[in-house]
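Notes follow the structure.
Here is the naming used below: chain letters follow the sequence lines, and residue numbers restart at 1 for every chain. Just so we're clear, the structure is a prediction, and the values are computed from it rather than from any experiment.
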Number of protein chains: 2
Amino acid sequence: MNIIDIAKLAGVSKSTVSRYLNDGYVSEESRKKIQDVIDKTGFVPSNHGKTLRTKKTNLIGIILPKISSETISKIVDGVSEEISKENYNIILGNTDLSIEKEIQYLKIFRNKNVDGVIFVATIITEKHLEIIKQMKVPIVIVGQKVEGYPCVYHSDYEAAYEMTNFLIRNNHKNIAYIGTNDEDISAGINRKEGFIKCLQDNKLKYDKNLIKDANFSQEGGYEKAKELLESRNDIDAIFCATYNMSLGVLEYMRENNIKIPEDVSLCAIGDSRFSNLIHPTLTTIQYYYKESGIKSSRMLIDILKGNCNKENLKYIKLGYNFLKRESVKVL
Amino acid sequence: MNIIDIAKLAGVSKSTVSRYLNDGYVSEESRKKIQDVIDKTGFVPSNHGKTLRTKKTNLIGIILPKISSETISKIVDGVSEEISKENYNIILGNTDLSIEKEIQYLKIFRNKNVDGVIFVATIITEKHLEIIKQMKVPIVIVGQKVEGYPCVYHSDYEAAYEMTNFLIRNNHKNIAYIGTNDEDISAGINRKEGFIKCLQDNKLKYDKNLIKDANFSQEGGYEKAKELLESRNDIDAIFCATYNMSLGVLEYMRENNIKIPEDVSLCAIGDSRFSNLIHPTLTTIQYYYKESGIKSSRMLIDILKGNCNKENLKYIKLGYNFLKRESVKVL
DNA sequence: TTGTATGCGTTATCAC
DNA sequence: GTGATAACGCATACAA
């Protein structure tokens with residue numbers, strides 16, 4: 001079933017059908033006949049034939065580390081919502097945290113198999129940059145700031161600073177920090193720097209033994225909490241760079257009857273709808289993930305439409321929401 | 001950058017390049033030259049040109065109600081994992097719970113814009129069936145059993161029966177049930193029937209006032225818990241057809257100082273990784289969502305490959321995992 | 001083993 | 001307003 005079949009059934013030429021499909025000049029009469037045939041047959045034009053001719057795929061490629069993640073699926077939700085308004089569809093590049101697969105998808109998308117790319121990034125290597133530089137379609141990066149490319153990211157430094165400050169204001173002296181891999185600029189370096197800078201600004205001693213790196217996971221948080229709390233008994237707060245890790249810390253403290261926040265306060269960057277149901281409710285920083293999906297899509301579409309005055313929308317840093325709950329002891 | 005450019009650069013004809021790309025007969029010499037050019041240029045063939053010629057898109061369309069859902073994103077994870085093994089990509093039809101959009105995507109996918117469809121279904125209307133009947137590409141339905149089409153779904157009736165039985169064995173007499181819309185066969189009707197049948201089998205009185213319908217959401221659970229517990233004081237257990245609703249019930253009970261499980265037991269179908277962190281830990285039924293994504297993809301690929309002996313893999317009913325935790329009072 | 005020619009479904013150009 | 005026709009990038013039948 002193609003445009004020629006429709007033309008025959010409607011008794012017009014395929015050009016007329018094509019024009020009808022693309023809002024060109026078609027007489028009311030032809031218009032009616034064609035619509036009738038389309039209704040009866042349920043014809044939908046082939047996107048592939050169209051693409052071949054127009055060079056426009058109407059597809060946005062989205063590359064992400066893991067779709068079954070609360071945060072990432074929210075980003076996709078935002079992207080989906082926004083781009084469907086403009087008649088784009090999403091083609092999914094789920095990399096399962098493999099850098100190799102990330103590169104592979106970047107390569108596939110690079111050469112015009114899609115109109116644009118949204119790249120939900122974690123670690124950006126030289127190899128990434130090399131390929132991104134060769135992109136023939138526009139790309140927007142989400143979650144990391146990459147010089148020279150449009151990106152939407154979160155206030156990692158600021159959020160970590162404010163959380164640390166909150167702990168200090170509430171009389172915490174020996175704050176442990178469980179962070180992540182420094183290859184991840186946003187979640188690794190920036191958050192850690194916000195934490196450290198705030199300690200320094202408050203003239204608190206900066207104790208390397210109180211800073212650990214884990215691997216984003218709940219298990220990682222559990223392990224590091226164990227290391228920290230078994231080796232020291234003066235820790236009065238644990239600040240986790242990611243939400244999942246704080247759940248591991250929580251688990252460890254429960255098992256070992258360490259009271260939150262009476263014995264040790266706990267807080268994290270990242271939130272979930274369960275924060276309120278867990279006991280104690282967790283003091284966290286909430287980011288706007290769906291918003292980042294929407295904003296990045298908006299940028300991409302603006303670029304695609306050509307109405308993007310280069311500079312003014314290059315880097316969007318989103319804010320955060322400080323959710324003060326029960327897991328931090330306050331004065 | 002297309003196959004012709006590569007041919008020129010490599011000093012061969014475009015057919016030779018095409019053959020190279022498709023594992024045809026190419027001399028070692030040409031092979032080398034072509035590979036060199038491809039490496040240098042980073043060329044990736046256009047999927048659209050290929051599709052036009054071969055009628056094979058290498059795309060699987062997946063239609064789902066909401067990507068930012070813990071259960072649904074797990075299904076997509078499974079689908080993604082499985083189909084990428086066979087070099088397919090996913091095109092995402094996120095309908096935001098709109099039946100209209102569901103129909104729209106079914107129509108788009110119907111006519112060969114994809115090789116096959118995975119439809120994560122909730123409510124199946126006449127309109128759905130009508131369009132599915134006209135599909136020109138294979139479709140696999142996930143989450144509902146639909147006569148005449150391959151599907152992968154969960155043991156709704158059995159799970160609800162077993163959960164009810166567990167409540168009864170543990171001496172619960174007045175069990176309230178918060179269910180969902182009966183238009184949803186799986187989550188609405190089947191679970192409710194499992195509940196009711198078990199009551200009857202145990203000669204317990206079947207009290208209509210103890211059965212409520214809500215709308216899947218946490219807020220819905222909250223509302224119905226309020227209605228139930230304000231109107232009656234003899235209820236000793238609340239069984240929710242979905243996990244989200246049980247969180248609402250939990251919330252209500254906490255606010256009103258109703259002890260779980262001492263005053264009223266609580267349980268649900270559906271689980272999350274937070275079940276263990278909530279207090280009290282929730283007794284639930286866990287389904288295998290990622291598995292359903294994998295299984296349905298496997299079926300679809302088998303159909304696409306033609307090695308599907310029709311009958312034997314038509315309906316796959318997945319099992320469940322009964323997670324006995326603290327929220328139900330046991331003898 | 002390689003090259004030439006054709007057609008897939010669509011849109012855009014142009015003449016009518 | 002309409003229809004004939006070329007072109008998009010690729011795979012493939014066929015000739016060489």
N or O in side chain of B:Lys55 less than 4.0 angstrom from D:dA11 OP1/OP2:
no

At less than 3.5 Å, do the side-chain atoms of B:Arg53 and the base atoms of C:dG9 form a donor-acceptor pair?
no

Closest approach to the side chain of B:Ser15, judged atom by atom: which nucleotide of C:dG9, C:dT1, C:dT4 is it?
C:dT4

If you pin B:Glu29 and A:Met1 to their nearest nucleotides in DNA chain C, which one's is more 5'?
B:Glu29

Under 3.5 Å, is there any donor-acceptor pair linking the side chain of A:Arg31 to the base of D:dG1?
no

Rounded to whole Å, please give me the gap between NE2 in B:His48 and P in D:dA11.
13 Å

Find the distance B:Lys50:NZ to C:dG9:C1' and express it as a whole number of Å.
18 Å

Could you say whether A:Asn2 or B:Val12 is positioned toward the 5' end of DNA chain C, judged by the nucleotide with the nearest heavy atom to each?
B:Val12

Point-to-point distance, once rounded to the nearest 0.5 Å, from CD of B:Glu28 to NZ of B:Lys33
12.0 Å

Under 4.0 angstrom, heavy atoms only, what part of the nucleic acid is A:Tyr20 near: base, sugar-phosphate, or nothing?
nothing

Proximal nucleotide (of C:dG3, D:dC10, D:dA11) relative to the B:Asn22 side chain:
D:dA11

Nucleotide C:dT4, atom P - distance to CD1 of B:Ile3 in whole Å:
14 Å

Please determine, for the side chain of B:Ser46, which listed nucleotide (D:dA11, C:dT11, D:dC10) has the closest atom?
D:dC10

Kindly indicate, with the supporting measurements, whether the criterion side chain to side chain donor-acceptor pair (under 3.5 Å) is fulfilled by B:Thr125 and B:His128.
CA-CA 5 Å; B:Thr125 65; B:His128 282 97; 2.7 Å; yes

Describe the nucleic acid contact of B:Ser18 in one word from base, sugar-phosphate, nothing, applying a heavy-atom distance below 4.0 Å.
base

Between A:Leu21 and A:Ile38, does a side chain to side chain contact (heavy atoms under 4.5 Å, CB included) hold up when you go through it step by step?
CA-CA 10 Å; A:Leu21 258 17; A:Ile38 289 181; 3.8 Å; yes

Taking only the side-chain nitrogens and oxygens of A:Thr54, find out if one of them lies under 4.0 Å from OP1 or OP2 of D:dC8.
no

Measure CG/B:Asn113 against P/C:dC8 and give the value in whole Å, please.
17 Å

Output the rounded distance in Å from CG (A:Asp5) to C1' (C:dG9).
10 Å

Among D:dT5, D:dA11, D:dA13, the one nearest A:Lys14 by side-chain distance
D:dT5

Rounded to whole angstrom units, what separation is found between the OH atom of A:Tyr25 and the C1' atom of D:dG3?
18 Å

Counting only side-chain heavy atoms from C-beta out, which of D:dG3, C:dC8, D:dA7 sits nearest to A:Thr16?
D:dG3

Please report the distance, rounded to the nearest Å, between CZ in A:Phe43 and P in C:dT10.
4 Å

Close side-chain approach of A:Asn113 and B:Ser46, heavy atoms under 4.5 Å:
yes

Using whole Å, what does the distance between atom P of nucleotide C:dT2 and atom NZ of B:Lys32 come to?
15 Å

When you look at B:Asn94 and A:Glu81, which way does the side chain to side chain donor-acceptor pair (under 3.5 Å) test go after all the steps?
CA-CA 8 Å; B:Asn94 191 17; A:Glu81 183 178 304; over 6 Å; no

Under 3.5 Å donor-acceptor pair, A:Thr51 side-chain atoms to C:dT10 base atoms:
no

Among C:dC8, C:dT10, C:dT4, the one nearest any side-chain atom of B:Leu52 is C:dC8

Could you go through B:Arg53 and A:His48, starting from their C-alpha distance and side-chain angles, then the distance that decides it, and tell me whether this counts as side chain to side chain contact (heavy atoms under 4.5 Å, CB included)?
CA-CA 10 Å; B:Arg53 182 63 224 247; A:His48 306 279; over 6 Å; no

Can you tell me which nucleotide in C:dT2, D:dA11, C:dT10 comes closest to the side chain of B:Ser27?
C:dT2

